[in-house]
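Okay, so here's the structure we're looking at.
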Amino acid sequence: MLTKTDKTHASEFPGGGEELMPRTEQHKGLSQEEPLLFETGSLETTGVDLREPEGVQDGLGDLKREGPIGLPGLSEPQALRHYVRLSQKNYAIDLGLYPLGSCTMKHNPRLNEKMARLPGFADIHPLQPQKTVQGALELIDQLGHWLTELTGMSAVAMSPRAGAHGELCGMLAIRAALENKGSDKRVVLVPESAHGTNPATAIQCGYEVRSIACDQKGRVDLSDFRDKLDADVAAIMITNPNTCGMFEQDIATIASEIHACGGFVYCDGANFNAIVGKVRPGDLGVDAMHINLHKTFSTPHGGGGPGSGPVVLSQALAPYAPLPLLIKEEGTYRLIERTNADDVDAFGRIAAFHGQMGMFVRALAYILSHGADGLAQVAEDAVLNANYVLTSLKDVMTPAFRGTCMHEALFDDRFLEGTGVTTLDFAKAMIDRGYHPMTMYFPLIVNGAMLIEPTETESKESLDQFIDTLRSLAIAAKEGDIQQFVDAPVAAPRSRLDETQAARKPILRWTQGAGA
Ligand SMILES: *Cc1c(COP(=O)(O)O)cnc(C)c1O
């Protein structure tokens, strides 16, 4: 355990006020303090030993730089150590259990990585002539085939770069289909438990959001849905299983009632990992759904890594899929990149080029190596693990809803009532015990929500250890042993930060002298 003085770390941020300790005194247990590159390097030195060229005329004319560029000079070891130290401050799925609910932090099989590094996939360029990348195009086509097969849908748009981007793509396709019919529907229904990207997408597409209530069981309230449904409704954006970790069992009814009103069903497919191989969203009446390859199909994410959010489309929406379209003619793959050249109703492009090639390779490797039975087992084990966590903790923590869950266990903060400990304190105390916190305060409809998604890739031993930790923290809180919560985290390089200040006045740019 570290001592109280470690709390001065929090004041290192610009504006913290207090006198700073020399950096070397803050190195602890082989963990190196890491200043910014601008603070490490110096404007006066240079990282390279090249002489100023003599007698060379630069051809830049007016574009010539007038002042110094202001980049610090760094040697190779200085630059290298900076990035290696930063990488060691990252928490990663390769280090331990990563229980963030809704994020699906599952193991990324190394086989996928090996495939993605094959030069024929890794070293190609999107502007290469299509005849030189037929293998890559075939891979995109094959992955698209399996995505439509697994979801029971007619078409797929491969280019969206992430889930939220896929939502935009799907809703633009819905809007294009409605406009094509001359419809002026202007409302999108969004359950109140939805991820924030759903209402944001609807607004971005020019729609008005009408919120639907959640019932006692954590599902869409069917009677509220019926109250809100009218001829103005263009679509519902529904997540299934939803963000409370519950299967929306009325989805087929909801879909047929929306369809009867001339609207569409957008499904947020971020939780597809809980039902893959078991249920086909197309059979439930879904018209468009994004698939987060980086969640369900294990392509790496977190820390800003690349995502990929292909969108599967029903027969009604297939004609409105964005460009490029991938077709096969006489054994050769071809990308249709323009609407004027070919007779298509696409709403345009959603992204430059054709999608995240590296993610496609990993996702297809994952699908093929699991096979149909393996994918169904992924869903079963994800649900089993979440229910194991839920059941093992329900006597000391408070499940937000009764009964079993799908792939994530949702608790609220009733078990902390009267202890003086909040969800935030609880999460910070987990850090001192070596665990990354779960998703907190989401979904918004649950007070002090704690959303835990263990995924299918954790062993029973790892789940037991995690459960023991949460159990002992919950007991400590109830017994009034709250010091370990209010001070937490003490073992992390930084203690509590001023989160309000960080959110309201983020310092995103280094300016000389600000940190000193
Ligand atoms: C992750 C997630 C999204 C957004 O996906 P990104 O790939 O992060 O853009 C949307 N909805 C839900 C329920 C999610 O969990």
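Note that the coordinates shown come from a computational prediction; the quantities given were computed from them, not determined experimentally. Whatever order the structure lists them in is the order used to number ligands and atoms, beginning at 1.
Residues meeting the ring-ring contact (aromatic ring centres under 6.0 Å, His included) test with Tyr91, sequence neighbours left out: Tyr98, His436. Residues that satisfy the ring-ring contact (aromatic ring centres under 6.0 Å, His included) test with Phe442, not counting sequence neighbours, are His195. Applying the side-chain contact (heavy atoms from CB on, under 4.5 Å) test to Leu37 and every residue at least two apart in sequence or in another chain returns Leu74, His82, Tyr83.
A salt bridge links Glu380 with Lys278; the closest basic N to acidic carboxylate O contact falls under 4.0 Å.
The backbone N or O of Ile212 lies less than 3.5 Å from no partner atom in the side chain of Asp224, so there is not a single donor-acceptor pair. With hydrogens and angles ignored, the 3.5 Å screen pairs a side-chain donor or acceptor of Glu192 with a backbone N or O of Cys214.
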Please tabulate, one line per pair, the protein N or O atoms found under 3.5 Å from any N or O atom of ligand 1, giving the distance to one decimal.
unit_1	atom_1	unit_2	atom_2	d
ligand 1	5 (O)	Asn292	ND2	3.0
ligand 1	7 (O)	Gly163	N	2.7
ligand 1	7 (O)	Asn292	ND2	3.1
ligand 1	7 (O)	His294	NE2	2.7
ligand 1	9 (O)	Gly163	N	3.3
ligand 1	9 (O)	Ala164	N	2.8
ligand 1	11 (N)	Asp268	OD1	3.4
ligand 1	11 (N)	Asp268	OD2	2.6
ligand 1	15 (O)	Ser102	O	3.0
ligand 1	15 (O)	Ser102	OG	2.7
ligand 1	15 (O)	Lys295	NZ	2.8

